[in-house]
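Presented below is the structure to which this report refers.
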2 protein chains.
Amino acid sequence: MGNGLAPTLTPRKSPRQDRSIATVDAIFEATIQVLLSDGPTRLTTTRVAHRAGVSVGTLYQYFPNKQALLFAVLEQHLSTLAEAVENACRDNQGANIETIAAGVVKAYLAARMAQSEISPALYLVAMELDARALIEAATRRSEQAIEALLFGASDGRFNDPYVIAQTLTAVIFGTVPAFCMRVMPHAASVEAEKQLTLMFSGYLAASCKAA
Amino acid sequence: MGNGLAPTLTPRKSPRQDRSIATVDAIFEATIQVLLSDGPTRLTTTRVAHRAGVSVGTLYQYFPNKQALLFAVLEQHLSTLAEAVENACRDNQGANIETIAAGVVKAYLAARMAQSEISPALYLVAMELDARALIEAATRRSEQAIEALLFGASDGRFNDPYVIAQTLTAVIFGTVPAFCMRVMPHAASVEAEKQLTLMFSGYLAASCKAA
DNA sequence: ACCTGAACACCGTTCAAGT
DNA sequence: ACCTGAACACCGTTCAAGT
């Protein structure tokens with residue numbers, strides 16, 4: 001019944017005292033630090049514990065295994081991306097197609113650029129089977145926000161807003177990482193934004209029936 | 001000077017005798033088998049060696065480390081995808097925009113569906129830093145094929161065919177995996193093809209100057 | 001209630017010894 | 001020329017003992 005894996009990734013115990021709350025925070029921060037300085041392959045539970053100033057045993061009191069550490073960081077990251085899309089959608093209610101396309105693409109790209117150092121490391125974790133639920137959650141938030149946005153577009157009505165929202169979400173969440181894996185020099189980010197906006201506009205224009 | 005990592009992933013020695021050629025093939029096949037049956041996390045060098053009917057020592061005579069095993073499989077997979085795009089481009093020389101969009105999307109999707117069982121496992125490997133070169137190579141093949149295709153389009157001339165080819169490649173190589181991570185039921189693949197084709201057509205139409 | 005760190009199981013990799 | 005498998009180093013995880 002249900003997903004038998006989730007419980008293993010849930011924090012093992014909730015901190016009740018100030019000392020342990022500080023401990024959990026320190027471990028979380030240490031995970032990010034080690035991820036950035038040593039990379040995901042050299043990330044070791046002992047190393048994280050040491051960086052956090054505690055022993056391995058303590059780490060395992062709050063996180064059931066190594067993956068749970070990385071999941072916690074990934075969860076925060078994906079949630080930030082979903083939030084960026086949601087905000088952009090809220091800010092563009094009632095706008096026209098071109099503005100919508102530009103707004104959503106720009107917001108997502110900005111959010112990713114803001115945490116561009118950590119993203120590559122996290123996409124390793126994301127591929128592990130059990131990250132699917134997290135990605136699914138972030139994806140759904142984006143889809144729902146875009147769908148609502150399309151309902152209010154000033155330009156026209158769409159046949160199937162949910163399918164369109166699904167496609168646009170898949171394209172930004174999927175394509176941008178692909179762009180990022182390459183050298184991604186200064187100007188490339190600008191070019192990516194321009195091309196994706198053009199693409200979204202064309203797609204939206206083709207998908208809506210008479211205004 | 002140059003990429004210091006590549007040599008470590010190169011086969012350690014080239015097989016000279018029939019026996020060793022058979023050994024290398026067996027190890028390669030065993031890697032795929034274990035990947036499919038046990039998943040990337042439970043893939044063990046000992047397990048692969050055992051499945052191939054040799055000892056661990058023998059495995060390490062031809063592959064310098066565990067990653068090299070997975071790289072070999074990933075390389076073959078990416079090469080198949082690039083080839084699919086190249087073929088589709090060759091077959092659509094001189095076609096119009098809509099046919100081009102449909103042809104490229106369809107070819108890539110078909111190639112991925114054909115090896116859909118192994119893809120998820122491989123995208124774990126792909127994220128490891130040193131897979132960048134392989135992805136870059138497959139991406140460039142696709143970009144060049146699409147660029148050449150655009151030059152011959154019957155519909156119109158494009159301002160910057162390379163940028164367009166780059167964008168389309170990023171979108172198919174990036175988005176389709178995103179689609180695949182979700183349940184991807186029977187009909188979803190058809191829908192993905194339809195939506196991506198629509199998107200490509202709109203984008204191409206918007207990017208070309210007067211016919 | 002929270003922390004410690006030695007101990008255990010397991011995996012990647014090597015190398016002396018075999019045919 | 002090719003193969004074997006015990007041995008080593010290292011890492012994830014646990015648990016008896018501490019405060």
Side-chain angles (χ1 to χ4, degrees), chain A residues 5 7-31 34-35 37-73 124-125 128-130, chain B residues 5 7-31 34-35 37-73 124-125 128-130:
Chain A
L5 293 162
T8 18
L9 296 164
T10 297
R12 184 164 277 178
K13 104 202 241 180
S14 309
R16 301 260 168 218
Q17 297 186 358
D18 283 358
R19 179 171 49 156
S20 61
I21 291 174
T23 301
V24 172
D25 288 350
I27 294 171
F28 185 85
E29 285 307 321
T31 305
V34 174
L35 212 44
S37 62
D38 298 31
T41 312
R42 275 174 296 254
L43 183 143
T44 278
T45 49
T46 316
R47 217 183 292 251
V48 169
H50 183 257
R51 189 83 147 238
V54 295
S55 77
V56 232
T58 300
L59 186 156
Y60 276 91
Q61 215 161 28
Y62 298 102
F63 296 89
N65 50 50
K66 182 182 163 181
Q67 281 218 19
L69 283 176
L70 297 165
F71 267 64
V73 180
L124 217 181
V125 184
E128 300 277 339
L129 275 185
D130 309 344
Chain B
L5 292 163
T8 20
L9 295 165
T10 298
R12 182 165 277 179
K13 103 202 242 183
S14 309
R16 303 262 166 217
Q17 297 186 359
D18 284 358
R19 178 172 48 155
S20 62
I21 291 174
T23 301
V24 171
D25 289 349
I27 294 171
F28 184 85
E29 285 306 320
T31 304
V34 174
L35 213 44
S37 62
D38 298 32
T41 312
R42 273 175 297 254
L43 184 143
T44 279
T45 49
T46 316
R47 217 184 292 250
V48 169
H50 183 256
R51 187 83 146 238
V54 297
S55 75
V56 232
T58 300
L59 185 156
Y60 276 91
Q61 213 161 29
Y62 298 102
F63 296 89
N65 49 50
K66 183 182 161 180
Q67 281 219 17
L69 283 176
L70 297 164
F71 266 64
V73 179
L124 216 181
V125 184
E128 299 279 336
L129 274 185
D130 309 345

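Keep in mind the model is a prediction, meaning the values are calculated, not measured. Labels below follow one simple rule: chain letters A, B, ... track the order of the sequence lines, proteins then strands, and each chain is numbered from 1.
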For the pair made of [atom1] in [X] and [atom2] in [N], what is the distance, rounded to whole Å?
X	N	atom1	atom2	value
A/L59	D/dT14	CG	P	11 Å
A/R42	D/dC11	CZ	C1'	15 Å
B/F63	D/dC3	CZ	P	12 Å
B/Y62	C/dT14	OH	P	16 Å
B/I21	D/dA1	CD1	C1'	13 Å
A/D38	D/dC11	CG	C1'	14 Å
A/K66	D/dT14	NZ	P	15 Å
A/I27	D/dT13	CD1	P	14 Å

Report the base-pairing partner of C/dG12 (Watson-Crick or G-U wobble, both distances below 3.5 angstrom), or none.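 The answer is D/dC8, by the H-bond criterion.
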
Paired to C/dA1 by Watson-Crick or G-U wobble criteria (both distances under 3.5 Å) is D/dT19

So which one's nearest nucleotide on DNA chain D is more toward 5', A/G57 or A/R47? A/R47

Does a side-chain N or O from [X] land closer than 4.0 Å to OP1 or OP2 of [N], or not?
X	N	value
A/T45	D/dG12	yes
A/S20	C/dC2	yes
A/T23	C/dC3	yes
B/S55	D/dG5	no
A/Y60	D/dC15	no
A/T58	C/dT4	yes

Start with the C-alpha gap between A/D38 and A/L43, add the side-chain angles, then the distance that decides, and say whether side-chain contact (heavy atoms from CB on, under 4.5 Å) holds. CA-CA 6 Å; A/D38 298 31; A/L43 183 143; 5.9 Å; no

Please say which of A/H50, A/R51, A/E29 ends up in a side-chain contact (heavy atoms from CB on, under 4.5 Å) with A/V34. A/R51

Considering only D/dT4, C/dC2, D/dC3, which nucleotide approaches the side chain of A/Q61 most closely?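 Minimum distance to the A/Q61 side chain belongs to C/dC2.
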
To the side chain of A/N65, which of C/dT13, D/dT13, D/dG12 is closest? D/dT13

Give the intermediate values and the outcome of side-chain contact (heavy atoms from CB on, under 4.5 Å) for residues A/T45 and A/F63. CA-CA 10 Å; A/T45 49; A/F63 296 89; over 6 Å; no

Which pair of non-hydrogen atoms, one from A/P40 and one from A/L35, has the smallest distance, and what is that distance?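 Shortest heavy-atom contact: CA-CD1, 3.8 Å.
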
About how many Å separate CG of A/L69 and OH of A/Y60, when rounded to the nearest 0.5 Å?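 CG of A/L69 is found 7.5 Å from OH of A/Y60.
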
Assign B/V56 to base, sugar-phosphate, or nothing according to its heavy-atom contacts below 4.0 angstrom with the strands shown. base

Within the 4.0 Å heavy-atom criterion, would you say A/L43 contacts the bases, only the backbone, or no part of the nucleic acid?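 Sugar-phosphate, backbone atoms only, no base.
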
